[in-house]
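This report concerns only the one structure given below.
Atoms within a ligand are numbered from 1 in the order they appear, just like the ligands themselves.
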Amino acid sequence: MMKEQITEIFDIINDTEDFIKGGWRKEHEKITLKEKCVMPIGKVSTDSIEKLVSEINCCELCELCQRRNNPVPGAGALNPSVMFIGEGPGAEEDRTGIPFVGAAGQYLDKWLSAIHLDREKDCYIGNIIKCRPPGNRDPYPDEIAACKPFLIRQLTLLKPKMIITLGRFAAQFICNSQDGIGRLRGRVHYYEGIPVVPTYHPSAVLRNPEYRKPVWDDLKQARELLDDIESGR
Ligand code: URA
């Protein structure tokens, strides 16, 4: 076993012992990644998007960290009307650290303008996983599980008025369902009281033009729902 691993194990044993003995010691206030992800009982939450982004930027919770150039935490308005949730960064996103800037992103921009949403002012754009899977393969369940707390915290902090999921992985995650996207789309779901409109992923629509019509139907439904929410109907 490597020296660093032994040190890490002793750290965990010490932390657990301290916690059981009745409190987090003062010196534990210096934050390590391990502690940042587990709020000790009795501590007041001081979570923020900035804190979250800095944690994502140094995250090593799954193997994707080893090959990433940049994590892609998410970007946009901090008080968004709509949070869009995609699958995971592609090559261009990994290069820039910004979500949806490649071909799928440019197509998504067209969807936004079709329903009169400003990317910076009205939307927050994020992903299920924050680091690029090699060769753009589907994310593995352990990678989704490792990244899950980040997305949940993003949703808690941002409190979007509506969520639009892009593709199967985001729809299944947010709707807590194993159904395929073809079954999940076409109706409104709810995540913690927030309306969710699932639709196809822009990359899938670029490959399959027959998805254009259902996507347009979903976007129109989302726009109408948002108008209702924003006008208090
Ligand atoms: N596809 C995604 O799902 N997310 C991105 O950020 C880019 C492409």
Taking the ring centre of each residue, are H201 and Y107 less than 6.0 Å apart? no

Do me a favour and list the nearest non-hydrogen protein atom to atom 2 (C) of ligand 1 with residue, atom name and distance? G88 O, 3.0 Å

Using modelled atom types only, decide if a donor and an acceptor are shared between the side chain of D118 and the backbone of K121 within a distance under 3.5 Å. yes

Checking the N or O distance criterion of under 3.5 Å, is ligand 1 in contact with G86? no

Please say whether E93 places an N or O atom under 3.5 Å from an N or O atom belonging to ligand 1. no

Are a donor atom and an acceptor atom from the side chains of N69 and D94 found within less than 3.5 Å of each other? yes

Search all heavy atoms of E87 against all heavy atoms of N127 and return the closest pair with its distance. N-OD1, 3.2 Å

Which atom of K161 lies closest to which atom of I229, heavy atoms considered: O-CD1, 3.8 Å

Ligand-side contact atoms (ligand 1) for residue partner E87, heavy atom cut-off under 4.0 Å: 2 (C), 3 (O)

Contact (N/O only, under 3.5 Å) between F100 and ligand 1: yes

Does some non-hydrogen atom of H201 fall short of 4.0 Å from ligand 1? yes

Test of proximity, S203 against ligand 1: N or O pairs below 3.5 Å: no

Would you say N208 has more than 12 foreign heavy atoms packed within less than 6.0 Å of its CG? yes

Top protein contact for atom 4 (N) of ligand 1, by heavy-atom distance: N127 OD1, 2.8 Å

